[in-house]
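Report on the structure given below.
Chain identifiers are assigned alphabetically (A, B, ...) following the order of the sequence lines, protein sequences preceding nucleic acid strands; residue numbering begins at 1 within each chain. The analysis underlying the following values was restricted to heavy atoms, covering all of them including side chains, and did not include hydrogens, waters or symmetry mates.
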There are 2 protein chains.
Amino acid sequence: MAVAGQRRRRKEERPGEIVEAAFEEFARSGFMATKLDDVAARAGITKGTIYLYFPSKEDLFLATMHEMSRPSREHLAALTAAPQGSAMAILRTHFAFEYAQMVEDRRTREIIRMLLAEVSRFPDLADRWRAEVIGPEVEALRRVVRYGVERGEFRPSAAEQFPHLLFAPVIMACTWRLMFGDDHALDGPAYLDGHLDLLERGLMCGSRPNPPPSAGEGAPRSGAGEGTTLPERSRP
Amino acid sequence: MAVAGQRRRRKEERPGEIVEAAFEEFARSGFMATKLDDVAARAGITKGTIYLYFPSKEDLFLATMHEMSRPSREHLAALTAAPQGSAMAILRTHFAFEYAQMVEDRRTREIIRMLLAEVSRFPDLADRWRAEVIGPEVEALRRVVRYGVERGEFRPSAAEQFPHLLFAPVIMACTWRLMFGDDHALDGPAYLDGHLDLLERGLMCGSRPNPPPSAGEGAPRSGAGEGTTLPERSRP
DNA sequence: CCTTATTGACTGCCTGGTCAGTTATTAGTA
DNA sequence: TACTAATAACTGACCAGGCAGTCAATAAGG
């Protein structure tokens with residue numbers, strides 16, 4: 001192990017490597033059952049080295065959670081833009097991302113698992129998650145729903161008060177996969193399509209398929225509308 | 001402590017008391033962090049006594065989970081009856097129960113938390129839960145949806161393939177409360193009403209509010225229909 | 001040779017599990 | 001009723017192993 005520059009890695013790569021290894025072990029065994037010796041072994045170092053970068057096991061756990069939830073926090077930026085185009089198209093795009101992140105990405109799933117498992121030990125974790133991730137997302141979704149209502153595309157509904165109802169199927173698929181494993185995963189494009197289909201029918205304005213009064217697009221439920229450059233899901 | 005018959009409680013009450021105390025401790029701290037001394041103290045006995053009734057900590061945990069999930073298993077009996085009356089009314093009744101059990105009942109919530117937290121340590125737990133609780137529920141819901149379609153009340157939709165979409169908001173409210181605590185609970189009748197409203201609009205047949213061809217009830221979304229003797233939720 | 005990153009042996013504490021002993025209860029005897 | 005033996009239920013001190021956290025020693029760079 002006499003690679004040049006091996007000792008110079010401290011401030012650059014070591015903390016990231018430790019956090020990476022810690023995530024795998026915490027996700028596998030939970031906070032209490034995780035042994036720092038195992039984390040160190042996975043990172044290719046010894047336990048003492050961990051304490052050069054993190055003052056305690058708890059701090060390592062908090063740092064790991066914060067680091068691993070970064071993608072979720074960054075994803076929010078895209079959602080907070082002012083809505084334009086078809087509200088349903090915005091939802092379609094958003095839930096495609098959301099689904100890819102919360103269901104198909106193993107890391108985000110495991111973050112959710114650890115949040116649920118360790119809230120009693122780390123109450124601040126849930127608070128931060130709500131303040132930085134879920135809360136803003138709920139508010140953004142609420143704006144989209146109101147935008148759709150103002151636009152005449154959506155009817156007034158409980159979705160304005162509880163935007164949570166809109167992404168509930170994503171949480172469902174996430175917890176399902178967490179609980180029953182990848183072998184029984186509830187995903188695939190069909191599930192997302194079904195989610196969006198029920199959503200559209202549940203939200204859309206009026207009992208008859210009349211187009212919204214603004215843009216000249218067709219009926220709202222015929223495929224995705226304008227207002228986004230992101231790929232659309234196929235619809236059966 | 002010279003109450004007559006105090007020593008005769010063994011086969012009758014002791015195991016139940018231990019399981020009860022164990023549930024509280026496991027729910028509070030998770031499997032690993034729970035100390036059997038604390039369980040014993042909560043049950044008003046000493047650790048040695050636990051080992052008179054349960055061979056190991058793991059066995060105590062499994063027994064606790066099995067015992068505490070009994071209400072959920074028993075609740076299924078009501079759901080497997082042959083559907084009759086309005087399909088929407090069946091769903092309404094069912095989700096009122098489901099909501100009371102999975103969201104408002106602290107014990108069932110904590111069971112879900114422990115299942116999610118400890119699947120990697122006890123893989124059989126999730127299998128049993130799927131085989132005995134969730135699986136039958138999904139199938140029962142699927143039958144209700146098909147019944148609604150055959151009856152002309154529901155349109156064909158992805159809910160036939162994924163009945164999970166229907167109870168996703170219940171799981172959402174459950175995990176929300178697990179994560180953010182009772183203070184930020186997402187419940188109250190309004191949430192359930194919103195859920196049912198979106199569900200009804202999402203499932204109902206046709207684009208115009210025509211009544212189903214069978215019974216002479218009004219438009220499907222005006223209150224609960226016939227076919228059940230259970231109490232209805234208020235609708236705003 | 002001086003600095004810096006890393007090691008690995010060590011300690012102290014904690015907790016699952018054990019078991020010889022203690023106490024309450026019942027059965028038996030007269 | 002009084003007294004004793006047998007049994008059932010329970011206790012608590014103890015052990016053994018495991019693991020978070022420490023620190024003097026070591027090796028790698030410059």
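B/I50 has its CD1 atom 17 Å from the P atom of C/dC19, to the nearest Å. The CZ-C1' distance, from A/F54 to D/dA20, rounds to 16 Å in whole Å. Between B/I45 atom CD1 and C/dT23 atom P there is a gap of 19 Å when expressed in whole angstrom units. In this structure, A/R14 places its CZ atom 8 Å from C1' of C/dT6, rounding to the nearest Å. Separating the CD atom of B/E13 from the P atom of D/dA8 is a distance of 20 Å, rounded to the nearest angstrom.
Checked for salt-bridge contact, A/E20 and A/R107 meet the test: a charged N lies under 4.0 Å from a carboxylate O. We find that A/E110 and A/R113 are joined by a salt bridge, their nearest charged nitrogen and carboxylate oxygen being less than 4.0 Å apart. B/E200 and B/R92 are joined by a salt bridge, as a carboxylate oxygen and a charged side-chain nitrogen come within less than 4.0 angstrom of each other.
Residues A/G48 and A/D37 both approach DNA chain D. Their nearest nucleotides, taken by heavy-atom distance, put A/D37 toward the 5′ side.
Every pair passing salt bridge (Lys or Arg N to Asp or Glu O under 4.0 Å) that includes a residue from residues 29-39 of chain B is listed here, sequence neighbours excluded: B/D37-B/K47. For residues 50-60 of chain A, there are no salt bridge (Lys or Arg N to Asp or Glu O under 4.0 Å) pairs, not counting sequence neighbours.
Residue A/T49 places its side chain closer to C/dT7 than to any other of D/dC10, D/dA20, C/dT7. Checking D/dT11, D/dG21, C/dT7 against every side-chain atom of A/L36, the shortest atom distance belongs to D/dG21. Among the nucleotides D/dG12, C/dG16, C/dT6, the one closest to the side chain of B/T46 is D/dG12.
Ring geometry for A/F26 versus A/F31: interplanar angle under 30°, hence parallel rather than tilted (30 to 60°).
A heavy atom closer than 4.0 Å to some atom of DNA chain C occurs in B/S56, B/K57, these being the qualifying members of residues 56-68 of chain B.
Taking the ring-ring contact (aromatic ring centres under 6.0 Å, His included) definition, one finds that A/F23 meets it with nothing, sequence neighbours left out.
Side-chain N/O atoms of B/Y51 include none lying less than 4.0 angstrom from OP1 or OP2 on C/dC19.
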Could you list the donor-acceptor pairs under 3.5 angstrom formed between side-chain atoms of residues 130-137 of chain A and any protein atom two or more places apart in sequence or on another chain?
| from | atom 1 | to | atom 2 | distance (Å) |
| --- | --- | --- | --- | --- |
| A/R130 | NH2 | B/H184 | NE2 | 2.9 |
| A/E137 | OE2 | A/H94 | NE2 | 3.2 |

Taking N or O atoms only and anything under 3.5 Å, show me the protein contacts with nucleotides 14-18 of chain D, one pair per line.
none

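Side-chain rings of B/F167 and B/F95 stay apart, their centers remaining 6.0 Å or farther from each other.
In this structure, B/L52 reaches the bases: a heavy-atom distance under 4.0 Å links it to at least one base atom across the strands shown.
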